[in-house]
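Here's the structure, in structure tokens; my notes come after.
Computed from a predicted model, the values in this text were never measured in an experiment.
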Amino acid sequence: KIFMATDEFVIKEIGVPLAGTIFVNVNNANAKLQLLVDESYTLDVGSDGKIFVTAATQFGAYHALETLSQLIQYDFSEDKYVIANVPWHIEDKPRFPHREVLIDTS
């Protein structure tokens with residue numbers, strides 16, 4: 001199950017079973033995507049199957065869930081999704097306060 005805690009600290013179910021219980025805490029869920037917006041996050045995956053995401057904005061939560069998707073693997077012998085080498089603690093943020101733009105002139 002996926003739960004979301006917004007800046008009002010209300011927890012509501014927003015998803016279906018995946019690899020355990022995922023708690024998402026977003027400090028500012030109404031941030032606008034602009035220069036210098038905080039996209040940092042913390043991702044904790046416990047050996048008990050509980051997953052905690054803490055992010056400053058919804059953009060950080062998005063990046064945390066993308067990172068989580070890279071940790072989840074399908075075990076064909078067990079016929080289920082697993083996260084190897086738990087527990088995990090990941091703290092991440094963009095290296096630069098801006099995003100690059102690529103213009104292809106060809």
*Crowded around Y62 OH? As in, over 12 foreign heavy atoms under 6.0 Å?*
no
_Y41 side chain reached by T67 side chain, heavy atoms, under 4.5 Å_ = yes
*Looking only at non-hydrogen atoms, find the nearest pair between S40 and P94 and report the distance.*
N-CD, 4.4 Å
_Any F59 side-chain heavy atom under 4.5 Å of L33 side chain_ = yes
*Minimum heavy-atom distance between A56 and V26, given as atom pair plus value*: O-CG1, 4.4 Å
*Given side chains that start at C-beta, do those of N28 and D38 come closer than 4.5 Å, heavy atoms only?*
no
*Measure the CD1-CG distance between I22 and L65 for me, rounded to the nearest 0.5 Å.*
6.5 Å
*If we only count heavy atoms from C-beta on, is the I90 to T42 side-chain gap below 4.5 Å?*
no
*With the 4.5 Å side-chain cut-off for hydrophobic clustering, are I72 and Y74 part of the same group?*
yes
*asked:* On a heavy-atom basis, which atom in A61 and which in A55 lie closest, and how many Å separate them?
replied: N-CB, 3.3 Å
*May I ask you to decide if A31's main-chain N or O and Q58's side chain share a donor-acceptor pair within less than 3.5 Å?*
yes
*Can you tell me how far the NZ atom of K93 sits from the CD atom of E39, to the nearest 0.5 Å?*
12.5 Å
*Does some side-chain heavy atom of L68 sit less than 4.5 Å from a side-chain heavy atom of I83?*
yes
*Could you tell me the separation between the CG atom of L43 and the OG1 atom of T54, rounded to the nearest 0.5 Å?*
9.0 Å
*Within a strict 4.5 Å, meaning less than it, do heavy atoms of the W88 and D44 side chains meet?*
no
